[in-house]
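Here the structure comes first, spelled out in structure tokens, and everything after it is commentary.
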2 protein chains.
Amino acid sequence: MRPISEEDLTARARIRDAAMALFAERGVKAATIRGIAEAAGVSPGLVQHHFGTKEELRQACDEYVLSYVREQVAVGITGHNLGDPEYIENVHRSAPPLMHYLGRALVDGSPGAAAMFDELVNVTEQHLSSDDRSEADHRARATVLTAMKLGITVLHDHVSRALGTDLYGPQGALRVGKAQLDLIQPEFLGRELFEQARTGLEKLEGNR
Amino acid sequence: MRPISEEDLTARARIRDAAMALFAERGVKAATIRGIAEAAGVSPGLVQHHFGTKEELRQACDEYVLSYVREQVAVGITGHNLGDPEYIENVHRSAPPLMHYLGRALVDGSPGAAAMFDELVNVTEQHLSSDDRSEADHRARATVLTAMKLGITVLHDHVSRALGTDLYGPQGALRVGKAQLDLIQPEFLGRELFEQARTGLEKLEGNR
DNA sequence: TAGCTCACAATACAAACGTATAGAGTGCTG
DNA sequence: CAGCACTCTATACGTTTGTATTGTGAGCTA
């Protein structure tokens, strides 16, 4: 399946994609309707025709990203496809711009991104609690684990620069993924996820 | 030593503090000169009298934070004072607004914050390399470690909300600090730092 | 005391921005 | 073919923003 080229999309989709890219790059306040319109190849008026106000455009971006992430989590984790090369390939092609936006939304006060953060903390906490029934502070551990994981996304520009490779490129994702597995105590990642992630990374490595 | 109250500071210092708070809260672009002036209790004209342009004001904030962090790192880590209660108390009183600004600067494209990120990655990498002379990817590990650590600062609003406690309050800092020590493989923190951090946290816990 | 410097305020202005409004072009439907 | 609905552009308007300019008063100095 070929990647969908930007020109083949409807104007509405191009505007949404351009908005996500510019919101992510400069922040919601610094990105302008005129800039988004130009990037999408349309007039500023069309942006408001399709999305109303800037705030509504931002909400549309939020919903698009959140539904994407929830879908990929469902397919990948719940559906046990983390090791599937097609799944990995698909995610690596479509995810970067969405992750870029998500990282910005988290620091830009997006209610949707905050809800997703809380959601991730909750599932992680349940996960930790079911594995370890001691009276440890699972809430704090889940929170820190979530923040550390998303922190890499939020700081992806700095990570890419320090690595000398794009975090979302094949080599960057591999190195960062392996480093995460090395650094974090395996018991907190969950046996199953740990194994799937490791074999997935190894397959990815074998293909290069 | 009493905390210095905001009213006793010079107008220039009040402007800088207000700018750091508003830049941190809303981002550089969304924070306005007029808003900063009002928060500092001065006229907008005085802001430009002391700092010139908005960009120069931002640079002044950058330099202030970076020199503070470098100083505290020198006193705390290089000077082996991480376990000193007075040091801890002092940091916990003065650091929060500065950390808040640093977190924002990292995602707002501040050159100074980027330089500090690289600096931290470099010292961490040297640290890892001297402890473990294998051919492991120390650069990636150092980068990820740095990003995860700073990620908690960048996402501190979400962390505080998920925890139900302010990250920079006594309980929040304690819980997050302990969770970090639990989650990360001790060998990557360095024996010495690990011990100092643990005893420091225990002392802090004893005082509550 | 005349004059200079500096901290500070008030006003003015041009640019950029979000958005409201009006209209052009196209395709579908009765 | 008349008319409606929809996509898209162009223009205009009011607000906000950064910053330039000007003015004012206090303190220091010769």
Side-chain angles (χ1 to χ4, degrees), chain A residues 4-64 101 104-105 107-112, chain B residues 4-64 101 104-105 107-112:
Chain A
I4 301 161
S5 84
E6 198 72 13
E7 297 130 24
D8 290 345
L9 296 174
T10 66
R12 190 174 201 280
R14 289 205 315 275
I15 293 169
R16 193 222 317 113
D17 289 353
M20 284 199 305
L22 283 175
F23 283 163
E25 188 185 325
R26 305 179 193 178
V28 173
K29 180 74 193 212
T32 68
I33 301 284
R34 287 169 173 84
I36 291 166
E38 190 182 359
V42 300
S43 75
L46 193 60
V47 176
Q48 46 177 306
H49 172 69
H50 281 297
F51 294 96
T53 68
K54 191 181 184 182
E55 178 57 29
E56 287 172 311
L57 173 57
R58 171 223 181 91
Q59 284 175 23
C61 292
D62 275 12
E63 284 163 23
Y64 184 75
Y101 176 79
R104 175 65 75 160
V107 298
D108 235 27
S110 148
Chain B
I4 301 161
S5 83
E6 199 72 12
E7 297 129 27
D8 290 344
L9 296 175
T10 65
R12 190 173 201 281
R14 290 205 314 276
I15 292 169
R16 191 217 325 109
D17 290 353
M20 284 198 303
L22 284 175
F23 283 162
E25 189 184 324
R26 304 179 194 176
V28 173
K29 181 72 195 212
T32 67
I33 301 284
R34 285 168 175 84
I36 291 167
E38 190 182 0
V42 301
S43 75
L46 194 61
V47 177
Q48 47 178 301
H49 173 70
H50 281 297
F51 293 95
T53 68
K54 192 181 183 183
E55 178 57 30
E56 287 172 311
L57 173 58
R58 171 224 182 90
Q59 284 176 23
C61 292
D62 276 12
E63 283 164 24
Y64 185 75
Y101 176 79
R104 176 64 75 161
V107 297
D108 236 27
S110 147

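Computed over heavy atoms, backbone and side chain alike; hydrogens, waters and symmetry mates excluded. Just so it is clear: chains get the letters A, B, ... in the order the sequence lines come, proteins before strands, and each one is counted from 1. Quick caveat, the model's predicted, so the values are computed rather than measured.
To the nearest 0.5 Å, atoms OH (B/Tyr101) and CG (B/Asp17) are separated by 12.5 Å. With values rounded to the nearest 0.5 angstrom, B/Ile33 atom CD1 is found 11.5 Å from B/Leu46 atom CG. Atoms CD and CG, from B/Glu55 and B/Asp62 in turn, are 8.0 Å apart once rounded to the nearest 0.5 Å.
Residue contacts shown for A/Ala31 are limited to sugar-phosphate atoms, with no base heavy atom under 4.0 Å away. In this structure, B/Ala37 reaches neither bases nor backbone, as no heavy-atom distance under 4.0 Å exists between it and the strands shown.
Each of A/Arg34 and A/Ser43 was matched to the nucleotide of DNA chain D holding its nearest heavy atom; the match closer to the 5' end belongs to A/Ser43. The residue among A/Arg12 and B/Thr53 whose nearest nucleotide of DNA chain D is located toward the 5' end is A/Arg12.
Scanning DNA chain C 5' to 3' for nucleotides with an atom closer than 4.0 angstrom to a non-hydrogen atom of chain B gives a first and last hit of C/dA7 to C/dA12. Running 5' to 3' along DNA chain D, contacts with non-hydrogen atoms of chain B at under 4.0 Å begin and end at D/dT17 to D/dA20.
For the pair B/Arg58 (side chain) and B/Ala19 (backbone), a donor-acceptor distance under 3.5 Å is absent. Using a distance-only test at 3.5 Å, with no hydrogens or angles considered, no donor-acceptor pair links the side chain of B/Arg34 to the main chain of B/Pro44. Side chain of A/Arg14 to backbone of A/Leu9: a donor-acceptor contact under 3.5 angstrom is found. With A/Gln48 contributing its side chain and A/Gly45 its backbone, the two residues share no donor-acceptor pair below 3.5 Å.
Of all heavy-atom pairs spanning A/His50 and A/Arg12, the tightest one is O-NH2, 3.6 Å.
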